[in-house]
Amino acid sequence: MNTDHVDYEEFSGWVDPPADLAPALTKDLSCDVAVIGGGLNGMSTALRLAERGRDVVLLDAEFCGHGASSRNAGQVAGALGGDIQLLNMLYRKKMPALSRFTERAAHNVENLIEKFDVDCDYEPTGNVFAAVSRGQLGRVRRVAKILQRGGTHVELGSSEELGIPRGFLGGMRELDGGIMNPGRFTLGLRRALLSSDARVFERTKVVDVTRRGGQVVISTPRGEVRANKAVLATNAFAGEWDITPPRLSVPIWVIEVETEPIDPERLAALGWTSRSGLVTQHNIMENYRLTSRNTIVFGVRRLERGTRYPLPPKKADPALVEELGQAFAMRFPALSDVAVDRAWGGWIAITSSWLPLAGQLGEDIFYSIACNGHGLAQAPYVGSLMADLIVDGRRHEDLEVLWRKKPRFPRPMMMGPLGLRTIWAVDRFNDLVNGSRRNARKGSMHRDGVAEGG
Ligand SMILES: Cc1cc2nc3c(=O)[nH]c(=O)nc-3n(C[C@H](O)[C@H](O)[C@H](O)COP(=O)(O)OP(=O)(O)OC[C@H]3O[C@@H](n4cnc5c(N)ncnc54)[C@H](O)[C@@H]3O)c2cc1C
């Protein structure tokens, strides 16, 4: 795959930054609730609070949608992410409630698109846990059983049955969710927020969150916000202040790349009739999805740990773009001559439980991390549930399942640079073994005069 002329984006490949930035905060002010961070999570909290008549202020360091929300792969998940077999071992009793949460999160995205009339190319295709080896196929079958027992709507099938490219052996489709342009979705929500009664300040980096005189004091370079309640919704950037619970999450940098536009006939020849987004079953997934501009967006495969706050702005690493290109050529051999047009990345937050979580510090500060690579659906849902908690004083059952009674979090396992490198190496070793097996099978088919399969 040609990666010689890649445009390394500082923001996102999906959309340009908005031109109509809201003003920065330049004086002190007071409000009932302050929301810090204007990703899908924070924006949904602020929108819902404004809808419910609360005096709400939202502050974002850059602009609403600057973070992962506009940069992701646009795969709206209807099921849990992470290692579902491990999650089932650790949280078996919670699995039905988590299934309910994830499916409702996907439906919430669809409701938001309709409610705010957001043009984001949403296609309710579901997403497929796609297997690239027999080992992954076995894993998918076990995962499907667990999810079905929990009540998640999934179906197993071969690549033909699922309408996915023949380079994959088959897999499991989540029936809820689909694919979209996440940049357009996020900026659509931003537009709705700016038209609401919420007061929004962009280019306003919060430098500290403290308490004084019975209020939460949010410090920014040119003004202070005093609020009765505050919501921390800065996702991977959450660890910047002393008030954040230690080890709430680990910041991880991941990337996506996009091919040049591909001839529709060549795309049709792939057999990707369902257009479902794909995630492989490696320990660190690869994801692939079609777009409305006849390109394929794909990414991840390697996780890079952020080592200090504030998290720096970054561009995609050309070596990883190259590696992703090689993986693409392996999964889509018929398209191995296609070039990569652009690459970008973003910071996500991984929790030690690999589950989204939410909680409270004292009576007046709320926090949530709804990510682990699945926040496109989960972050806006958790955001609105947080707003309802603040207004009603009661936790919805879907927030209850994420709730941490105490803000204490164990040290995350395998999330250091060495651990992440080891996980990556295990995936590559398995790819190598599977590649040799595939070649051996092809060789023996040739010897026996059998036509080659996909
Ligand atoms: C490359 C990539 C691919 C992904 N693919 C998918 C996918 O296909 N499906 C899926 O479900 N999820 C995916 N995700 C994850 C998903 O994008 C996130 O879980 C989700 O967007 C998190 O939303 P958020 O609102 O919590 O955080 P963010 O969108 O990161 O928002 C945080 C906001 O906080 C602001 N902020 C930070 N620090 C401060 C400060 N000090 N003061 C004020 N504001 C501050 C930032 O500017 C930002 O706007 C992906 C993420 C990435 C990066």
Side-chain angles (χ1 to χ4, degrees), residues 9 11-14 24-25 34-46 58-81 102 105-106 109 127 177-180 182-183 185-186 189-190 201-209 218-221 225 231-241 244 249 251-257 277-279 285 287-289 297-301 303 309-311 313-314 316 343-351 356 367-383 386:
E9 310 269 358
F11 173 45
S12 165
W14 294 108
L25 184 73
V35 178
I36 310 171
L40 286 168
N41 185 358
M43 283 198 286
S44 300
T45 306
L58 181 141
L59 307 164
D60 195 284
E62 303 289 342
F63 55 81
C64 295
H66 182 261
S69 297
S70 300
R71 300 165 183 248
N72 58 67
Q75 296 184 217
V76 178
L80 272 177
T102 51
V109 165
N127 286 286
I179 54 171
M180 62 147 77
F185 174 62
T186 300
L189 225 58
R190 174 180 177 273
F201 297 93
E202 297 187 317
R203 288 167 293 179
T204 303
K205 183 174 166 72
V206 171
V207 290
D208 207 1
V209 182
I218 295 142
S219 308
T220 80
V225 176
V231 181
L232 314 184
T234 55
N235 192 31
F237 304 84
E240 292 190 354
W241 316 297
T244 310
S249 67
I252 297 284
W253 175 258
V254 290
I255 76 163
E256 295 290 326
V257 303
L278 310 174
V279 287
M285 69 170 187
N287 70 276
Y288 299 92
R289 56 150 298 180
V297 166
F298 59 104
V300 187
R301 196 170 156 104
L303 306 179
Y309 295 104
L311 297 172
K314 270 169 81 75
W344 65 91
W347 290 104
I348 60 172
I350 302 286
T351 58
Y367 62 88
S368 65
I369 295 276
C371 183
N372 295 302
H374 276 56
L376 175 55
Q378 295 173 7
Y381 189 45
V382 172
M386 275 297 205

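All ligand and atom numbering here is 1-based and tracks the order in the structure. Small disclaimer: the values here were computed from a predicted structure and weren't measured. All residue numbers in this chain count up from 1 along the given sequence.
In this structure, of Thr45, Leu58, Asp60, the residue bringing a heavy atom nearest to atom 48 (C) of ligand 1 is Asp60. Of the candidates Asn235, Thr234, Val279, the one placing a heavy atom closest to atom 36 (N) of ligand 1 is Thr234.
Between Trp14 and Trp344, the two ring planes are perpendicular [angle over 60°; tilted spans 30° to 60°]. The aromatic rings of Phe63 and Phe11 stand perpendicular to each other, their planes meeting at an angle above 60°, with 30° marking the opposite boundary.
For the pair Glu256 and ligand 1, the shortest N or O to N or O distance does not fall below 3.5 Å. Backbone and side-chain nitrogen or oxygen atoms of Leu376 are examined, and one is located within less than 3.5 angstrom of a nitrogen or oxygen of ligand 1. For the pair Asn72 and ligand 1, the shortest N or O to N or O distance falls below 3.5 Å. For ligand 1, the polar-atom distance check finds an N/O of Ala61 within less than 3.5 Å of one of the ligand's N/O atoms.
The proximity of Ile348 to ligand 1, defined as any non-hydrogen pair under 4.0 Å, is limited to the side chain. Residue contacts with ligand 1, taken as heavy atom pairs separated by less than 4.0 Å, do not involve Val207 at all. Contacts between Gln75 and ligand 1 below 4.0 angstrom, taking non-hydrogen atoms only, involve backbone and side chain alike.
The protein heavy atom nearest to atom 34 (O) of ligand 1 is Gly37 CA, 3.4 Å.
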